[in-house]
Amino acid sequence: MRTELFIGGQWEGAADGGRLAVIDPATEEVVAEVACAGPKDVERAVQAASAAFEDRRWTAIDPLERARILAHVARGIRERQAELAELITRENGMPINFSTFSEVPMAADVFDYFAGVVAQIAGETPPFALPGAPPDIFVMTLKEPVGPAGLITPWNFPLLMP
């Protein structure tokens, strides 16, 4: 199990060397010690995410290939369902039946859903009705990503919410 931070495509320890014990709430056993991100790590993550966004490699991939990648992630989650469910249960105390039959499959379903949506996202051409405007004006709306987002997600759905 990896316990470092994943920043800019690399696994790295926290800049200040900080570690955090993850404790199973049912047994009080230490499940793992993980890198504990601090302000420098957050800044590195923001810089890496911004650079990746500006790089445009993901948006340059054909939509159907992006859909295949997302579907592949969904398959990977399903293939590791038991392992992921056990980790979630040990980390936050979610009952194993809930992590196995709700949390993990729903996370896979989200990837499948967006794999199906990828090829359907397109611009719209609404009628342009500005008073006095010439009738040959063309207006189009494009749906484009705006950049990285920082998220603070709930602890009780660690796979589904992000």
Side-chain angles (χ1 to χ4, degrees), residues 1-119 121 143-162:
M1 175 171 35
R2 300 304 300 249
T3 61
E4 300 90 8
L5 305 172
F6 191 69
I7 299 175
Q10 303 289 327
W11 291 100
E12 305 173 13
D16 67 1
R19 304 288 293 171
L20 177 70
V22 178
I23 299 171
D24 182 328
T27 64
E28 297 185 357
E29 171 192 352
V30 174
V31 176
E33 282 201 9
V34 298
C36 184
K40 290 179 183 175
D41 302 303
V42 172
E43 184 59 33
R44 284 186 306 143
V46 168
Q47 289 174 354
S50 296
F53 177 73
E54 293 301 323
D55 180 81
R56 308 299 261 188
R57 274 184 280 180
W58 177 252
T59 56
I61 297 173
D62 175 72
L64 293 177
E65 182 59 23
R66 287 196 306 255
R68 287 183 197 101
I69 293 167
L70 293 172
H72 181 73
V73 172
R75 280 191 305 278
I77 289 171
R78 287 189 180 94
E79 288 168 2
R80 298 179 70 181
Q81 181 172 338
E83 176 187 357
L84 291 168
E86 181 182 345
L87 284 171
I88 290 166
T89 295
R90 292 188 71 202
E91 181 213 10
N92 74 8
M94 181 181 289
I96 191 69
N97 282 345
F98 196 78
S99 61
T100 301
F101 300 112
S102 293
E103 165 77 352
V104 176
M106 286 172 24
D109 289 346
V110 168
F111 279 94
D112 275 336
Y113 172 81
F114 283 104
V117 170
V118 166
I121 294 177
K143 296 178 181 177
E144 296 180 339
V146 295
L151 308 174
I152 298 174
T153 60
W155 61 269
N156 57 338
F157 285 93
L159 188 60
L160 176 61
M161 289 299 131

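These figures come from a predicted structure and were not determined experimentally.
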Regarding R68 and D62, does a basic nitrogen lie under 4.0 Å from an acidic carboxylate oxygen?
no
Is K40 paired with E43 through a side-chain N to carboxylate O contact shorter than 4.0 Å?
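No, E43 and K40 are not salt-bridged.
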Do Q81 side-chain atoms and P105 backbone N/O form a donor-acceptor pair below 3.5 Å?
no
Taking V118's backbone N and O only, do any of them form a donor-acceptor pair with R66's side chain (distance below 3.5 Å, no angle check)?
no
Looking only at non-hydrogen atoms, find the nearest pair between [X] and [Y] and report the distance.
X    : Y    : answer
A48  : I7   : CB-CG2, 4.1 Å
L159 : A107 : CG-CB, 3.7 Å
T100 : A85  : OG1-CB, 3.4 Å
I77  : A108 : CG2-CB, 3.8 Å
A26  : D24  : N-OD1, 2.8 Å
A14  : L5   : CA-CD1, 3.9 Å

With a 4.5 Å heavy-atom cut-off, do [X] and [Y] have their side chains touching?
X    : Y    : result
R90  : L87  : no
V30  : V22  : no
D109 : R78  : yes
V31  : I23  : no
H72  : R75  : yes
I69  : F111 : no
N92  : P25  : no

Atom [atom1] of [X] and atom [atom2] of [Y]: how far apart are they, to the nearest 0.5 Å?
X    : Y    : atom1 : atom2 : value
F101 : I96  : CZ    : CD1   : 9.0 Å
L70  : Y113 : CG    : OH    : 12.5 Å
M161 : E103 : CE    : CD    : 7.5 Å
L160 : M106 : CG    : CE    : 4.5 Å

Could you go through E83 and R80, starting from their C-alpha distance and side-chain angles, then the distance that decides it, and tell me whether this counts as side chain to side chain contact (heavy atoms under 4.5 Å, CB included)?
CA-CA 5 Å; E83 176 187 357; R80 298 179 70 181; 2.8 Å; yes
Check salt bridge (charged side-chain N to carboxylate O under 4.0 Å, His left out) between E4 and all other residues, then give those that pass, not counting sequence neighbours.
R2
Can you confirm whether the side chains of T3 and R19 place a donor and an acceptor under 3.5 Å from each other?
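Judged by distance alone, the side chains do pair up.
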Decide if atom CZ of F6 counts as having more than 12 heavy atoms of other residues, nucleotides or ligands within a radius under 6.0 Å.
yes
Applying side chain to side chain donor-acceptor pair (under 3.5 Å), name anything that partners T89, two or more places apart in sequence or on another chain.
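Side chain to side chain donor-acceptor pair (under 3.5 Å) list for T89, sorted by chain: S99.
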